[in-house]
S.K.: 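Have a look at this one.
Computed from a predicted structure; not experimentally measured. Quick note on labels: first sequence line is chain A, next is B, and so on, each numbered from 1.
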Protein chains: 2
Amino acid sequence: MSDSDARIQRFAEFLARSGLKTTRQRDRIVRAFFAAGRHVSAEELYHRLQTEDRGIGLVTVYRTLKLLREAGLATGRQFGDTYTRFDPNPADRPHDHLICTRCGKIQEFEDASLHAVREKAARSLGFTVTEHKLELYGFCRECTRLAGGRPVRSGKAARPV
Amino acid sequence: MSDSDARIQRFAEFLARSGLKTTRQRDRIVRAFFAAGRHVSAEELYHRLQTEDRGIGLVTVYRTLKLLREAGLATGRQFGDTYTRFDPNPADRPHDHLICTRCGKIQEFEDASLHAVREKAARSLGFTVTEHKLELYGFCRECTRLAGGRPVRSGKAARPV
DNA sequence: TCCTCATTGAAAATGAATGTCAATTTCTTT
DNA sequence: AAAGAAATTGACATTCATTTTCAATGAGGA
Ligand SMILES: [Zn+2]
Ligand SMILES: [Zn+2]
Ligand SMILES: [Zn+2]
Ligand SMILES: [Zn+2]
């Protein structure tokens with residue numbers, strides 16, 4: 001069973017457990033979501049789906065992504081731009097992001113020492129921390145080389161607000 | 001000269017340097033901004049201002065906050081909610097945030113060891129990192145005690161998307 | 001098959017933020 | 001002080017992502 005299949009199965013179980021129904025649309029949407037790369041927006045997913053099934057509305061894509069979040073199978077993220085991007089299954093493999101503010105590239109990374117930072121801050125302030133989000137903004141390798149580190153903002157690149 | 005005064009002065013210099021004008025509205029808005037606590041939204045600031053000066057439009061509050069960002073005196077932040085909150089003068093004292101998902105409290109903290117995390121990720125992936133954002137989500141001291149760590153979501157509390 | 005209730009999608013609504021524009025204000029130049 | 005160019009203002013309209021509404025359709029248990 002592929003990684004995707006396991007997730008699709010977990011979603012089916014979530015639906016059953018919650019008294020919700022399996023539909024053609026939900027099936028297509030979750031498949032497309034897990035097949036797509038990471039960090040897709042609802043709109044992007046919607047467009048991909050149009051090629052294989054015209055009868056899927058953007059609204060349903062939004063609704064299904066919300067269900068995926070509730071099922072713990074996806075997380076929404078706001079990098080510099082105006083819309084939400086969705087990351088599959090982050091609980092299994094927590095990770096953070098490097099975002100190039102010039103070309104918009106998003107690179108994932110993982111750092112175990114973050115846990116120490118989390119715990120230290122939490123302990124000193126009495127918080128119980130369950131989740132975190134770390135975003136590093138700057139230039140990717142290519143953009144550092146091309147721009148010499150100078151901020152050249154293309155319209156579509158994310159920017160740290 | 002108070003801390004606020006110094007910032008107000010810097011804003012005046014920014015305006016002059018950029019060929020922009022000093023107005024009653026801008027003056028009121030920046031004063032209210034630095035007087036207000038951290039993490040206010042444009043709307044919140046607008047409402048505070050209404051009590052002292054009815055003739056200030058929400059649009060002008062938005063525009064002035066944008067100027068404050070351009071002047072390097074404020075930063076916009078999106079915590080779990082749908083609108084932007086503004087943080088005064090973050091460049092001088094970089095800091096990150098702990099956000100209680102139950103009551104919405106936002107607590108600031110600073111951790112020097114984050115720099116190492118930043119550099120490590122950047123070096124290994126060829127990025128040049130200029131900025132970062134770390135948000136820790138969980139329960140504050142009171143909410144941990146009251147809720148026993150159970151997620152009780154009030155409508156207004158921020159939530160990690 | 002029937003029947004109930006969830007689901008769907010089109011259209012409308014929302015809500016934050018920005019663009020438009022005529023009237024007003026600032027500030028430099030006489 | 002008066003004038004004039006240019007910036008600023010705020011009411012209004014607009015954008016854009018996301019949510020809500022609602023009548024028609026579909027799923028799945030009895
Ligand atoms: Zn990711
Ligand atoms: Zn790049
Ligand atoms: Zn802050
Ligand atoms: Zn709390």
Side-chain angles (χ1 to χ4, degrees), chain A residues 11-30 32-33 39-47 49-50 53-71 74-86 155-156 158-159 161, chain B residues 11-30 32-33 39-47 49-50 53-71 74-86 155-156 158-159 161:
Chain A
F11 186 62
E13 285 162 13
F14 166 83
L15 289 180
R17 195 187 327 132
S18 315
L20 302 175
K21 292 174 179 171
T22 302
T23 64
R24 187 191 87 244
Q25 290 89 333
R26 285 180 178 162
D27 197 59
R28 292 268 165 92
I29 294 168
V30 298
F33 175 63
H39 315 131
V40 287
S41 66
E43 198 91 29
E44 277 164 15
L45 202 54
Y46 169 69
H47 279 124
L49 283 160
Q50 288 317 89
D53 187 338
R54 197 67 71 74
I56 292 185
L58 176 57
V59 194
T60 306
V61 174
Y62 271 108
R63 282 191 282 232
T64 307
L65 285 168
K66 183 182 261 182
L67 287 176
L68 279 164
R69 281 195 300 207
E70 286 165 17
T75 303
R77 308 209 176 248
Q78 263 101 26
F79 298 129
D81 22 42
T82 53
Y83 49 87
T84 302
R85 293 163 180 274
F86 294 85
K156 46 189 336 204
R159 76 220 120 84
V161 268
Chain B
F11 185 63
E13 285 162 13
F14 166 83
L15 289 180
R17 194 186 329 131
S18 315
L20 301 176
K21 292 172 179 172
T22 302
T23 65
R24 185 191 88 243
Q25 288 90 335
R26 286 182 177 160
D27 197 59
R28 291 267 165 90
I29 294 168
V30 298
F33 175 63
H39 315 133
V40 287
S41 67
E43 200 91 29
E44 277 163 15
L45 202 54
Y46 169 70
H47 280 124
L49 283 160
Q50 289 316 90
D53 187 337
R54 197 66 72 75
I56 291 186
L58 176 57
V59 194
T60 306
V61 175
Y62 271 108
R63 283 191 283 233
T64 306
L65 284 168
K66 183 182 261 184
L67 287 176
L68 279 164
R69 280 196 300 209
E70 286 165 16
T75 303
R77 307 207 176 252
Q78 263 100 29
F79 299 128
D81 23 41
T82 53
Y83 50 86
T84 302
R85 293 163 180 274
F86 294 85
K156 47 190 332 210
R159 77 218 119 85
V161 267

S.K.: Where do B:A42 and B:L58 come nearest, in terms of heavy atoms and distance?
M.R.: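 So the two residues come closest at O-CD1, 4.1 Å.
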
S.K.: Let me know the distance between CG of B:L58 and C1' of D:dT9, rounded to the nearest Å.
M.R.: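 That distance rounds to 13 Å.
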
S.K.: Just how far, in rounded Å, is C1' of D:dT19 from CG of A:L65?
M.R.: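 Atom CG in A:L65 sits about 14 Å away from atom C1' in D:dT19.
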
S.K.: For D:dT19, does either OP1 or OP2 sit under 4.0 Å from a side-chain N or O belonging to A:R63?
M.R.: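 Answer is no, no contact under 4.0 Å.
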
S.K.: Along DNA chain C, 5' to 3', what are the outermost nucleotides having an atom less than 4.0 Å from a heavy atom of chain A?
M.R.: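 Result: C:dC5 to C:dA11.
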
S.K.: From the set D:dA6, D:dA27, D:dG10, return the single nucleotide nearest to any side-chain atom of B:K21.
M.R.: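 Of D:dA6, D:dA27, D:dG10, D:dA6 is nearest to the side chain of B:K21.
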
S.K.: Closer than 3.5 angstrom, by distance alone: can the side chain of B:R26 be matched with the main-chain N or O of B:L15 as a donor-acceptor pair?
M.R.: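 No: the side chain of B:R26 does not pair with the backbone of B:L15.
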
S.K.: Assign each of B:L20 and B:Y46 to its nearest nucleotide of DNA chain D by heavy atoms, then name whichever residue's nucleotide is nearer the 5' end.
M.R.: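 This one resolves to B:L20.
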
S.K.: Distance-only, no hydrogens or angles: does the A:R69 side chain make a donor-acceptor pair with backbone N or O of A:F86 under 3.5 Å?
M.R.: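 Not confirmed, A:R69 side chain does not pair with A:F86 backbone.
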
S.K.: Quick one: is A:Y83 getting a side-chain N or O under 4.0 Å of the D:dA17 phosphate, OP1 or OP2?
M.R.: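 No, because none of the side-chain N or O atoms of A:Y83 sits under 4.0 Å from OP1 or OP2 of D:dA17.
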
S.K.: When you measure from the side chain of B:T60 to the backbone N and O of B:I56, does any donor-acceptor pair fall under 3.5 Å?
M.R.: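 Not at all, since once roles are kept as given, no pair shorter than 3.5 Å links the two residues.
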
S.K.: Quick one: is B:Q25 getting a side-chain N or O under 4.0 Å of the D:dT8 phosphate, OP1 or OP2?
M.R.: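 Checking B:Q25 against D:dT8: no side-chain N or O falls below 4.0 Å of OP1 or OP2.
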
S.K.: Does B:T82 make a side-chain N or O approach to OP1 or OP2 of D:dT18 shorter than 4.0 Å?
M.R.: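 No, no such contact exists.
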
S.K.: Drop me the distance from A:R28's CZ to A:D53's CG, to the nearest 0.5 angstrom.
M.R.: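 That separation rounds to 4.5 Å.
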
S.K.: Assign each of A:R26 and B:F86 to its nearest nucleotide of DNA chain C by heavy atoms, then name whichever residue's nucleotide is nearer the 5' end.
M.R.: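 Taking each residue's closest nucleotide, the earlier one in sequence belongs to A:R26.
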
S.K.: What is the distance from CG of B:L49 to C1' of D:dT9, rounded to the nearest Å?
M.R.: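 It is 15 Å, rounded to the nearest whole Å.
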
S.K.: A:L67 has an atom CG; how far is it from atom P of D:dT19, in whole Å?
M.R.: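 Rounding to the nearest Å, CG of A:L67 and P of D:dT19 are 12 Å apart.
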
S.K.: Between D:dG10, D:dA7, D:dT20, which nucleotide gets closest to the side-chain atoms of A:V59?
M.R.: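 The answer is D:dT20, which lies nearest to the side chain.
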
S.K.: Nearest nucleotide by nearest heavy atom, which residue falls closer to the 5' end of DNA chain C, A:T22 or B:Y62?
M.R.: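 Nearest nucleotide further toward 5': that of A:T22.
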
S.K.: Distance from B:I29 atom CD1 to B:F11 atom CZ, nearest 0.5 Å?
M.R.: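 If we round to the nearest 0.5 Å, B:I29:CD1 and B:F11:CZ are 8.5 Å apart.
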
S.K.: State whether B:R24 places a side-chain N or O below 4.0 Å from either non-bridging phosphate oxygen (OP1 or OP2) of D:dT8.
M.R.: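 No.
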
S.K.: Let me confirm one number: the CG-CD distance from B:L45 to B:E43, rounded to the nearest 0.5 Å.
M.R.: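 Spacing of CG (B:L45) from CD (B:E43) equals 10.5 Å.
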
S.K.: Using whole Å, report how far CD1 of B:I56 lies from C1' of D:dT9.
M.R.: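 In whole Å, D:dT9 C1' lies 11 Å from B:I56 CD1.
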
S.K.: Specify the separation, in whole Å, of atom NZ of B:K66 and atom P of D:dT9.
M.R.: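 The distance from NZ of B:K66 to P of D:dT9 comes to 14 Å, rounded to the nearest Å.
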
S.K.: So, is A:T84 near the phosphate of D:dA17, with a side-chain N or O under 4.0 Å from OP1 or OP2?
M.R.: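 The answer is no; no side-chain N or O of A:T84 sits under 4.0 Å from OP1 or OP2.
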
S.K.: Atom CZ of B:R54 and atom C1' of D:dT9: how far apart are they, to the nearest Å?
M.R.: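 Result: 18 Å.
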
S.K.: Test of understanding: with salt bridge (Lys or Arg N to Asp or Glu O under 4.0 Å), list the residues that count as partners of B:D27, not counting sequence neighbours.
M.R.: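 With neighbours one apart ignored, the set is B:R31.
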
